[in-house]
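Below is one structure; the comments refer to it alone.
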2 protein chains.
Amino acid sequence: MHSIEIIQTIKERREVLQVTQETLAELSGVGLRTLKQLESGKGNPTLVTLQKIADVLGMEICLKVKTIGT
Amino acid sequence: MHSIEIIQTIKERREVLQVTQETLAELSGVGLRTLKQLESGKGNPTLVTLQKIADVLGMEICLKVKTIGT
DNA sequence: TTGTAAAGTGCTTTTTACGGCACTTTTAAG
DNA sequence: CTTAAAAGTGCCGTAAAAAGCACTTTACAA
């Protein structure tokens, strides 16, 4: 996944869970400004920031060797 | 995966491929200092930095909903 | 043991993520 | 249309990531 897809995935997941940016910011401990900037595609979050958000959304970041096929 | 595991995975993958930090730095466009700091567990890399490294190592970052089981 | 390559660290500057505040724009319900 | 909530944006200070340089430490082969 590229950065853009990761960001998009976060946004979609948040929407599915019907959580506002404000609530997610509070629950994750990430600043509202940071979250807004991120979701509007203008961010390059640190791993820690990403983890905090993923945690609250019931998601997880993983790193794996690329497979050949689909 | 937590930050620590992700970092560890990078380090291990680099070693398996028998690539030096210096070479990885050159190939990925990430500064050698940044890479050293990262692998020695003192970093909080940005998503872009992580992607650059993963790319060269033939790896990929993904974000997915946590599953219940193993 | 010695020599060399790789890895790790302190110091530094530059860049940029983070996050607060206030404001605008968009969206959706009445 | 009105209005309220959510999302997006500009400004800005602080903190920290990025990265270069020089040096030390570690690992390993001769």
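Note that these values count all heavy atoms, side chains included, but never hydrogens, waters or copies made by symmetry. Protein chains get the first letters and strands the later ones, always in sequence-line order, with residue 1 at the start of each.
Listed by first and then second residue, the salt bridge (Lys or Arg N to Asp or Glu O under 4.0 Å) pairs involving residues 46-69 of chain B amount to none (not counting sequence neighbours).
A:Gln18 CD to A:Thr23 OG1: the interatomic distance, rounded to the nearest 0.5 Å, is 11.5 Å. If you take CG on A:Leu38 and CD1 on A:Ile7, they are separated by 4.0 Å, rounding to the nearest 0.5 Å. In this structure, CZ on B:Arg13 lies 14.5 Å from CD on B:Gln8, to the nearest 0.5 angstrom.
When rounded to the nearest whole Å, the span between CG of B:Leu32 and P of C:dA6 equals 11 Å. The interatomic distance linking A:Lys36 (NZ) with C:dT24 (C1') rounds to 11 Å, in whole Å. Between A:Glu22 atom CD and C:dG20 atom P there is a gap of 11 Å when expressed in whole angstrom units.
Once you apply a 4.0 Å limit to the heavy atoms of chain A, the touched nucleotides of DNA chain D run 5' to 3' over D:dA6 to D:dC11.
Taking the screw axis at each terminus of the helix from C:dT1-D:dA30 to C:dG30-D:dC1 from five consecutive base pairs, the angle between the two is 60° to within rounding of 10 degrees.
A heavy-atom distance below 4.0 Å to DNA chain D is reached by these residues of residues 10-21 of chain A, ordered by number: A:Lys11, A:Arg14, A:Thr20, A:Gln21. Less than 4.0 Å separates DNA chain D from at least one heavy atom of each of the following residues of residues 37-62 of chain A: A:Ser40, A:Lys42.
For A:Ser40, the side chain to side chain contact (heavy atoms under 4.5 Å, CB included) test picks out A:Lys42, with sequence neighbours left out. B:Glu26 is linked by a side chain to side chain donor-acceptor pair (under 3.5 Å) to nothing, counting only residues two or more places apart in sequence or in another chain. Taking B:Ser28 as the reference, nothing meets the side chain to side chain donor-acceptor pair (under 3.5 Å) condition, with sequence neighbours excluded. In this structure B:Arg14 satisfies the side chain to side chain donor-acceptor pair (under 3.5 Å) test together with B:Glu39, sequence neighbours excluded. When the side chain to side chain contact (heavy atoms under 4.5 Å, CB included) test is applied to A:Thr34, the partners found at least two apart in sequence or on another chain are A:Val30, A:Thr49. With sequence neighbours left out, A:Thr9 forms a side chain to side chain donor-acceptor pair (under 3.5 Å) with no residue at all. Considering only residues two or more places apart in sequence or on other chains, A:Glu15 meets the side chain to side chain contact (heavy atoms under 4.5 Å, CB included) condition with A:Lys11.
By the neighbour-count criterion of 12 heavy atoms within 6.0 Å, atom CD of A:Glu22 is sparsely surrounded, having that number or fewer from other residues, nucleotides or ligands.
Contact check for A:Leu57 versus B:Val65: no side-chain heavy atoms found under the 4.5 Å cut-off.
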